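For reference, the structure is listed below as C-alpha cells.
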Amino acid sequence: MTTTRFAPSPTGFIHIGNLRTALMNFLIARKAGGEFILRIDDTDPERSKEEYVDGIKQDLEWLGLHWNRVERQSERLDQYAAAADKLRDIGRFYEAFETPTELDLKRKKQLNMSKPPVYDRAALALSEAEREAMRAERGNGVWRFKLDHERIEWNDGILGDISIDAASVSDPVLIRGDGQVLYTIASVVDDTEMGVTNVVRGSDHVTNTATQIQIMKALGATPPAFAHHSLLTGPQGEALSKRLGTLALRDLREQGIQPMALLSMMARLGSSDPIELRMEMAELIDGFELSHFGAAPTKFDVADVFPMTGHYLQALPLAKVADQITALGVPDDLAEAFWTVTRDNITTLKDLDGWWTLFRDGAEPDIDDEDKEFVAQAMALLPEGPLDTTTWKSWTGAVKDATGRKGRGLFMPLRKALTGQSHGPDMSGVMPLLQVIKAR
Ligand code: GLU
C-alpha cells in the first residue's frame with residue numbers, strides 16, 4: 001500500500017514551504033488510495049513544543065489535509081536505540097569526540113587546501129583506551145554512521161537520476177553526546193517500520209537522503225521512493241527563507257485566504273500543469289502528477305492567492321457561507337439577497353463586513369458640487385413604493401431621458417449618492433436591499 005508521511009518538527013508553526021511538502025505527500029497517498037501519516041519529529045525535547053503540535057494539526061485540518069494516523073518520535077526512542085545497537089553490532093557506528101570548535105578548525109584547514117570539508121574520521125583510529133580517556137575528559141562522544149565510500153544512487157521522482165559520492169559527505173552524527181537521537185536515524189527507522197513507500201521533501205534534504213539510503217540498507221531495509229521538490233522563492237526569485245515566518249499558514253488563514261484557493265495554487269505551482277481554481281479536493285487529487293514538477297526554484301507570490309480566494313468565494317452557494325453571514329448580524333431572511341449582491345465584490349470574507357455596515361447603517365451620500373442638481377433631479381424621479389431588482393434600470397433610464405446624461409456621468413453620481421462609494425456591488429441589487437433594511 002502506498003504510504004506517505006508529513007514529518008514536521010514542532011518547533012514552530014508551519015508555513016507555505018511546509019505546506020508544499022505536506023500537500024504533495026497527501027495527494028500521492030490519496031491518489032493511490034493509500035495512507036497519509038502525520039509524523040511529529042519531536043526528538044528534540046528543548047525545542048519541541050506541544051503548542052506547535054496542536055497548531056500544526058489545526059493548520060492541516062483547516063486545509064482539509066486529513067491524516068490517517070499520528071506518530072510521535074518521542075514515543076519511539078526504544079526503536080531508535082535498537083537500531084543504533086544494530087549499527088554498532090555490524091561495525092557501522094563509531095563514537096567521536098571532537099568539539100564543535102575542533103571540527104570547525106578542521107573544516108577551515110580543508111577549505112584552505114581546497115579540499116571538501118568532510119569529517120576526516122580521526123575518531124576511527126582511537127584505541128579503546130584512548131576512547132576511555134576521552135570519555136573521562138569530555139564526557140560521551142557523538143555517534144557517527146560510517147558511510148561506505150561508494151556512489152549512492154537513486155531515481156528521484158522529481159530530480160531524475162541522482163548519484164552522490166559518499167566520500168564527499170561527512171559520516172552523519174546520529175546520536176548526540178547527551179544521548180539525544182537525531183532526526184536522521186529516527187526518520188530511517190520510522191520510514192522503515194511504518195511502511196512508508198514514498199517520501200517527498202524539500203531539495204535541502206538531498207544529502208540526507210543519500211546518507212539515509214545507506215543507513216536503511218545497513219539495517220537491512222529497502223529505501224522508499226524519494227522525490228525532492230524545489231525550494232520556494234519570492235516573486236523576484238529572492239530566497240524566501242527569511243520571510244517564511246510571515247508566511248505561516250495561520251497568518252494566511254487570518255488574512256482571509258481560502259484553503260481551496262491556496263491548495264489549488266500549491267498543488268500545481270512549479271509543475272507543467274496550469275494553475276486553475278478547483279472547488280473540491282477530489283479534483284486536485286485526480287489531476288496531481290508528481291513527475292510534472294520541475295527542479296527549478298519555484299516562485300511564489302502570496303498576492304496571487306487573493307484573487308483565487310475571491311473567485312472561490314464567488315462560486316459558493318449561500319449555504320457554505322451562511323454561518324459567517326449570520327455572524328455579521330445579517331437577518332436570516334436577508335442573507336440570500338445580501339450574499340447575491342455582495343459576493344462579486346469581495347476578495348475575502350472579511351470584505352463582507354464593510355458591505356454589511358453600509359447596508360445596516362446606510363451611507364453618507366457623497367455628491368460632488370457639479371452633480372448636486374443632477375442628483376436632486378434624479379431623486380425626484382425615484383418611484384414610490386417598494387424597489388426591486390428592475391428599479392435601477394428603469395429609474396436610470398428615466399433619469400437619462402430627463403437629463404440627457406449617460407454612461408459614467410449618469411451612473412457614478414447616483415452610486416455615490418446612494419452608497420457613498422465610487423465602487424461596489426451591482427446597484428440593481430443594492431437599491432432594494434438598502435430600502436428593505438432602512439425600513440426595519
Ligand atoms: N522533520 C524533518 C523536517 O522538518 C522531516 C524531513 C523529512 O521529511 O524527512 O525537515
Side-chain angles (χ1 to χ4, degrees), residues 2-29 34-50 52-53 55-57 59-60 65 67 69-77 79-80 83 145 152 154 156-159 162 164 169 172-176 180-216 219 221-232 240-241 244-245 247-249 290 293:
T2 299
T3 302
T4 65
R5 77 322 190 262
F6 172 51
S9 306
T11 55
F13 293 116
I14 49 176
H15 50 65
I16 193 76
N18 304 121
L19 165 60
R20 196 150 192 249
T21 308
L23 180 58
M24 287 181 170
N25 285 292
F26 171 85
L27 293 172
I28 289 172
E35 290 212 323
F36 175 62
I37 300 172
L38 171 59
R39 191 183 83 198
I40 304 294
D41 283 5
D42 56 352
T43 52
D44 181 344
E46 271 148 43
R47 295 180 59 226
S48 300
K49 300 247 161 13
E50 230 25 60
Y52 296 129
V53 175
I56 290 166
K57 289 181 180 171
D59 292 342
L60 293 177
L65 301 185
W67 52 87
R69 63 178 203 273
V70 180
E71 298 278 1
R72 294 189 67 137
Q73 291 195 327
S74 58
E75 291 166 1
R76 295 177 40 79
L77 300 179
Q79 279 88 335
Y80 309 145
F145 175 72
I152 305 167
W154 74 93
D156 194 281
I158 294 175
L159 304 176
I162 300 279
I164 289 180
V169 182
V173 174
L174 304 188
I175 297 182
R176 292 202 322 198
Q180 188 183 311
V181 175
L182 293 182
Y183 146 81
T184 311
I185 186 168
S187 186
V188 158
V189 173
D190 291 346
D191 286 339
T192 305
E193 294 181 5
M194 295 171 193
V196 171
T197 55
N198 300 71
V199 172
V200 183
R201 52 191 179 189
S203 48
D204 51 335
H205 280 291
V206 166
T207 308
N208 273 340
T209 297
T211 60
Q212 288 180 333
I213 286 176
Q214 270 210 9
I215 300 169
M216 281 185 186
L219 291 170
T222 311
F226 285 101
H228 297 83
H229 59 71
S230 65
L231 297 183
L232 292 179
L240 257 196
S241 47
L244 283 174
L247 292 169
L249 296 183
L290 189 69
F293 283 79

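Position 1 is the first residue of the sequence; numbering continues from there. We use all heavy atoms of the structure for the numbers below, so side chains are in, but hydrogens, waters and symmetry mates are not. Counting starts at 1 for both ligands and their atoms, following the listed order. All figures in this text were calculated on a predicted structure; none of them were measured in a lab.
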Heavy-atom distance under 4.5 Å between the side chains of [X] and [Y], does that happen here?
X	Y	result
I162	F226	no
V70	V53	no
Y80	T43	yes

Review point. Once the angle between the rings of H228 and W154 is folded into 0 to 90°, is it parallel (under 30°), tilted (30 to 60°) or perpendicular (over 60°)?
Key: tilted
Below 4.0 angstrom from a heavy atom of [X], which ligand 1 atoms are there? Numbered from 1 as shown, please.
X	value
D41	1 (N), 2 (C), 5 (C)
S187	9 (O)
A7	1 (N), 2 (C), 3 (C), 4 (O), 5 (C)
R5	7 (C), 8 (O), 9 (O)
R201	7 (C), 8 (O), 9 (O)

Practice item. Please report which non-hydrogen protein atom sits nearest to atom 10 (O) of ligand 1, along with the residue it belongs to and the distance in Å to one decimal place. Key: H205 NE2, 3.0 Å
Check your understanding: What is the closest protein heavy atom to atom 6 (C) of ligand 1, and at what distance does it sit?
Key -> Y183 OH, 3.3 Å
Check your understanding: Do other residues, nucleotides or ligands put more than 12 heavy atoms under 6.0 Å from the CZ atom of R47?
Key -> no
**Study point:** Inter-residue atom distance I37.CD1 - T4.OG1, 0.5 Å rounding
**Key:** 7.5 Å
Review point. Does an N or O anywhere in V200 fall below 3.5 Å from an N or O of ligand 1?
Key: no
Point to revise | Sub-3.5 Å N/O-N/O distance, R39 and ligand 1 | key: no
